S.K.: 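Structure below; questions to follow.
Reminder, nothing fancy here: chain letters follow the sequence lines and each chain counts from 1. All values derive from a computational prediction rather than experimental measurement. Computed over heavy atoms, backbone and side chain alike; hydrogens, waters and symmetry mates excluded.
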Amino acid sequence: MGSRNHRHRIALRKTDSVLGRTSVRESLVPYTQVSMADSKHTTLQSEDFDRWYVDVVRRAELADYTPIKGCMVIRPYGFALWERTRDALDAMIKRTGHENMYFPLLIPESYLAKEAEHVKGFAPEVAWVTQGGSKQLEERLAIRPTSETIICSLYADWIHSWRDLPVLINQWANVCRWEKRTRLFLRTTEFLWQEGHTFHETEVEAAAEVDTMLDCYREMAEEWLAMPVISGRKTESEKFAGAGYTLSIEAMMSDGWALQSGTSHYFGRGFSKAYGITFADRDNNLQHPFQTSWGLSTRIIGGLIMAHGDDAGLVLPPRVAPIQVVVVPIARSHEAEGGIVEAACQRLERETSGSVRLRVDRREGIRPGEKFAHWELRGVPLRITAGPRDLADGNVTLVRRVDGEQSVEPLEGLAARLPDLLAAAQRVTFDRAKQRLDDRSVDVKDLDELKQAFEARPAFASAPFCNTTECEDQIKAAVHAVGIRNLRFDRSASGAPCLVCAKPSQHVALIARAY
RNA sequence: CGGGGCGUAGCGCAGUUGGUAGCGCACCUGCUUUGGGAGCAGGGGGUCGUGAGUUCGAGUCUCGCCGCCCCGACCA
C-alpha cells in the first residue's frame, strides 16, 4: 500500500465521478488496488457497498457511533433530514384524522406478557430495567420495543362505548430492540419512529385503516423520498408478532437489495381480547374492538441514502433536503468583480427567502473545488456557482446533483425559477430510482428461473406463489439469502402455477435479498 | 450467539529481535491563492480500545473484557 496506489485511486475517482469528468488520459490510469477511504474520499460504491454506506453516513455527518453498542448519535444534518421526513409524515397522519399522544418508555413485564404471540416474538430483543437507584425492582420493566401492550392496557379503561370509537392515535417515540447485528440507521438498538395505534368498531373499518396508512407510507417514500416502492402483504412467517396480517412497502437499494421501509398491521381482536378491551355496541352487546398499528422509523433514512447515493456521496431529493440549493461564490481577491459576486449571492438569498432552503458557502480560505466536493458529499440537490466570468454576462452556473446536468442561467429571475428546478430534480431522482427498479425486476416461473435471476446480481423477482410456508421455505433454500418480501398488491397470479409446487396461485410474490 | 478480521492523533496508516511513538491528509496561525478536494512557513493534538499479567522495561508478548466490520444463526 504505497502512495502509488493512492494516486491510482484518485485518478479513477476523478473520471468516475458523476460531476467530475476529466481527461481521457486519466481514465487510462490502471486501477490496481481495492480502494479504501481516506480523509478526503469515500470508498467506491462498486468496491464495497457496505463500507461506502458507513463512509457516507459518517463523512456527511449524518450520524456516528457512540460508546454504546448499536446506539448511534444522529448529528444535526442527519437529524434535519429526519425532521423533514417526520414533519411530512406527521402532516399525513393528522390529515387522515389521527392525534398525537405519548406513552411511557418503561413497560411493566406483566403488561407485556398478556398477548402470547407478541411476547414470544419480542422476548429475544427486549431490554430490561431491574433496578431503580440502589433498589431492586419488584417487577422488572421493559424498555419499550413497541407500545401495543401498554397502549392496550390503558385503553382498556378508556373505551366503553361504540361512541368512543374509532380511537385514532399516534406517538413519535424512541424504542429499543436488542439487535444482534446493528447498522447505522438500518438497524440500531435504539431508534426513532412513529407508531400509530387505532381501535375500530368493525373489521372493515380497521382493514381500511391499515390500507390507508400503508398508502401514507407509500406517499412518503415515493413523493418525498423519491423511492419507488412495492406495496404488499407479508407472508404468515414474516408478519408482526401477534398480528392478523402485516402489510409493507419494499424499496430497492442501488445494490439491488430490498429494504422494508414501512409496515402496517391488522390485529383483528387478538390484542383487545388479551387486554380485555370491550365496548358496548349499538345493540348494547359487549364487543372487542378491532385494532391496527403501523410504524415508520429512522431506518428509512438509511434507505434514502442507499437508494440514491453515488460515489460522490449522498443524493438528496429536494423535498427532504435540509439545504436545497448551495451557492458557491468564486472570489478573486485581486479583481474588481468581488463586489458583483457578493451582490449576486445576497440577491439570491433575498429573493429565495422563505421559498427555498438556500445557503451561500462564504467560508474563506477554502477553494471552490473543495466546496463542490463538500456539498456533493452532503447531497445538496442544486449548486449555483457564482463567479465573475458568468456574472459579467449576468449569469451563474447551475449544476444538478442527481445527474450532474449543468447549465448557465441568467441570474435575473433565477430565484423564482428555483422551485421548478427543484421539482424537476425531485422528479429526476425518482425516475432514476424507478428506472433501476424496472431494470432489475424480473418475472420468473419456477425455481430454476429464480436462481438464474439472481446469478448476475441481486434482483427483484416476481412469481406466482401459492402462499404456503412449505413453498416459502423452498424459495429461501433455493437461492442464498433471498426471501419473500411481500405478496404484491399490484399483481395477481390469476391461477398461474406456483413457482415451487405448481398449484394454481392467486398471489404474486416479490422475492429479493433484504437488509 | 458461532466463525473470521480489525482497534495506534479527527480520517487513513507505519511502528524493526520488547527500550517510552511517527507519516499523509484534516485542524490552528500568518501570507499568497480561489471556475473541481491549493502553495509556503510555523504550530497544536496520542494515558497506543480497556483491564490484568509476563518483564528492569509493553504499542509490540499472554489472557480477559469492550467496540467496529464481514459471513452465518436470530430478528420486525
S.K.: Could you check how far CG of A:D473 sits from P of B:rA73, rounded to whole Å?
M.R.: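 Whole-Å distance recorded here is 13 Å.
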S.K.: Can A:R513 and A:D255 be counted as an ion pair, charged N to O under 4.0 angstrom?
M.R.: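 No, this pair does not count.
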S.K.: Base, sugar-phosphate, or nothing: which does A:K239 touch, judged by heavy atoms less than 4.0 Å apart?
M.R.: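 Answer is nothing: A:K239 stays at 4.0 Å or more from every strand.
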S.K.: Indicate, with a heavy-atom threshold strictly under 4.0 Å, whether A:I366 touches base, sugar-phosphate, or nothing.
M.R.: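 Base: the residue A:I366, judged by heavy atoms under 4.0 Å, touches a nucleobase.
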S.K.: P atom, B:rG2 versus B:rA58: distance in rounded Å?
M.R.: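 That atom pair is separated by 33 Å.
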S.K.: Of the options B:rC68, B:rG36, B:rC11, whose atoms approach the side-chain atoms of A:A373 most closely?
M.R.: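 Out of B:rC68, B:rG36, B:rC11, the nucleotide with an atom closest to A:A373's side chain is B:rG36.
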S.K.: Please give, in whole Å, the distance from B:rU34 C1' to A:L391 CG?
M.R.: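 Nearest whole value for this atom pair: 15 Å.
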S.K.: What are the two closest non-hydrogen atoms of A:L186 and A:R299, and how far apart are they?
M.R.: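 Where A:L186 meets A:R299 most closely, the heavy atoms are O-NE, 2.9 Å.
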S.K.: In whole Å, what is the span from the CD atom of A:E370 to the P atom of B:rC11?
M.R.: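 One finds 18 Å between P of B:rC11 and CD of A:E370, rounded.
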S.K.: Using purine N1 to pyrimidine N3 plus N6-O4 or O6-N4 for Watson-Crick, or N1-O2 and O6-N3 for G-U wobble, each under 3.5 Å, what pairs with B:rC31?
M.R.: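 B:rG39 - that is the nucleotide pairing with B:rC31, both distances being under 3.5 Å.
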S.K.: Between B:rC69 atom P and A:Y53 atom OH, what is the distance in whole Å?
M.R.: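 Roughly 11 Å, once rounded to whole Å.
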S.K.: So what does A:G121 hit on the nucleic acid, given a heavy-atom distance under 4.0 Å: a base, only sugar-phosphate, or nothing?
M.R.: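 A:G121: backbone/sugar contact only, no base atoms under 4.0 Å.
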S.K.: Return the nearest nucleotide to the side chain of A:T397; candidates are B:rG12, B:rA38, B:rG35.
M.R.: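 For the A:T397 side chain, the nearest candidate turns out to be B:rG35.
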S.K.: Which is true for A:R183 with a 4.0 Å heavy-atom rule: it touches a base, it touches only sugar-phosphate, or it touches nothing?
M.R.: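 Since only primed, P, OP1 and OP2 atoms lie under 4.0 Å of A:R183, the category is sugar-phosphate.
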S.K.: Using the C1' atom in both, what is the distance from B:rA14 to B:rU54, to the nearest Å?
M.R.: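 Going atom to atom, C1' in each nucleotide, I get 27 Å.
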S.K.: Measure OH/A:Y65 against C1'/B:rC69 and give the value in whole Å, please.
M.R.: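 Rounded to the whole Å, the gap is 8 Å.
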S.K.: With a non-hydrogen cut-off below 4.0 angstrom, is A:D50 in contact with a base, only sugar-phosphate, or nothing?
M.R.: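 Sugar-phosphate only.
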S.K.: For residues A:I74 and A:I301, determine if any side-chain heavy atom of one lies less than 4.5 Å from a side-chain heavy atom of the other.
M.R.: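 The answer is no, as the side chains (C-beta and beyond) never meet within the 4.5 Å cut-off.
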S.K.: Which value, in whole Å, describes the distance between the P atoms of nucleotides B:rG72 and B:rU29?
M.R.: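 To the nearest whole Å, 49 Å.
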S.K.: Given atom CZ of A:F122 and atom C1' of B:rC74, what is their separation to the nearest angstrom?
M.R.: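 Distance check: A:F122 CZ to B:rC74 C1' gives 14 Å.
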S.K.: Across the strands shown, which category fits A:K69 at heavy-atom distances under 4.0 angstrom: base, sugar-phosphate, nothing?
M.R.: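 The answer is sugar-phosphate, as A:K69 gets under 4.0 Å only of primed atoms, P, OP1 or OP2.
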S.K.: With a 4.5 Å cut-off on side-chain heavy atoms, are A:E61 and A:L377 touching?
M.R.: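 They are not in side-chain contact.
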S.K.: Below 4.5 Å, heavy atoms only, C-beta onward: do A:S231 and A:Y217 meet side chain to side chain?
M.R.: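 A side-chain contact under 4.5 Å is absent here.
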S.K.: Are more than 12 heavy atoms, taken from residues, nucleotides or ligands other than A:W178, located less than 6.0 Å from that residue's CH2 atom?
M.R.: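 Check fails, neighbour count at 12 or below.
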S.K.: Which whole-number value in Å describes the distance from A:W178 CH2 to B:rA73 C1'?
M.R.: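 So the CH2-C1' distance, A:W178 to B:rA73, works out to 20 Å.
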S.K.: Take atom C1' in B:rG49 and the same atom in B:rU8, then report the distance between them in whole Å.
M.R.: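 That atom pair is separated by 10 Å.
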S.K.: Checking only heavy atoms, does the side chain of A:R383 share a donor-acceptor pair with the base of B:rG36 at less than 3.5 Å?
M.R.: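 It does, because a donor-acceptor pair links the side chain of A:R383 to the base of B:rG36 below 3.5 Å.
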S.K.: When rounded to the nearest Å, what value does the distance between P atoms of B:rG51 and B:rG39 take?
M.R.: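 My reading of the P atoms in B:rG51 and B:rG39 gives 40 Å.
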S.K.: Whole Å only: how far is the CD atom of A:E61 from the P atom of B:rA26?
M.R.: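 It is 16 Å, rounded to the nearest whole Å.
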S.K.: By nearest atom, which of the nucleotides B:rG35, B:rC75, B:rC68 is closest to the A:E179 side chain?
M.R.: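 Within the option list, the nearest is B:rC75.
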S.K.: When rounded to the nearest Å, what value does the distance between P atoms of B:rU16 and B:rA21 take?
M.R.: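 Each nucleotide's P atom is 14 Å from the other's.
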S.K.: Hey, does A:H480 reach any base, or is it just sugar-phosphate, or nothing, if we go heavy atoms under 4.0 Å?
M.R.: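 Sugar-phosphate, backbone atoms only, no base.
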S.K.: Measure distances between side-chain N and O atoms of A:E376 and base N and O atoms of B:rG36, and say whether any donor-acceptor pair falls under 3.5 Å.
M.R.: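 Looking at the base of B:rG36, it does pair with a donor or acceptor on the side chain of A:E376 (distance under 3.5 Å).
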S.K.: Looking for any heavy atom pair under 4.0 Å, which part of the strands does A:G70 touch: base, sugar-phosphate only, or nothing?
M.R.: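 Contact class for A:G70: sugar-phosphate only.
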S.K.: Could you tell me the Watson-Crick or G-U partner of B:rC74, where both distances fall under 3.5 Å? Say none if there is no partner.
M.R.: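 Its partner is none (no Watson-Crick or G-U wobble pair with both distances under 3.5 Å).
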S.K.: Do A:E148 and A:K114 meet the salt-bridge criterion of a basic N to acidic O distance under 4.0 Å?
M.R.: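 Between A:E148 and A:K114 there is no salt bridge, as every charged N stays at least 4.0 Å from the carboxylate O atoms.
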S.K.: Tell which nucleotide pairs with B:rC65, taking only Watson-Crick or G-U wobble pairs whose two distances are both under 3.5 angstrom.
M.R.: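 Answer to the pairing question: B:rG49, which forms a Watson-Crick or G-U pair with B:rC65.
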S.K.: Pick base, sugar-phosphate or nothing for A:S248, based on heavy-atom distances below 4.0 Å to the nucleic acid.
M.R.: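 A:S248: no heavy atom of the nucleic acid under 4.0 Å.
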S.K.: Could you check which of B:rG35, B:rC69, B:rC1 has an atom nearest any side-chain atom of A:R367?
M.R.: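 The answer is B:rG35.
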S.K.: Which of the following nucleotides, B:rC11, B:rG37, B:rC70, is nearest to the side chain of A:R181?
M.R.: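 Out of B:rC11, B:rG37, B:rC70, the nucleotide with an atom closest to A:R181's side chain is B:rC70.
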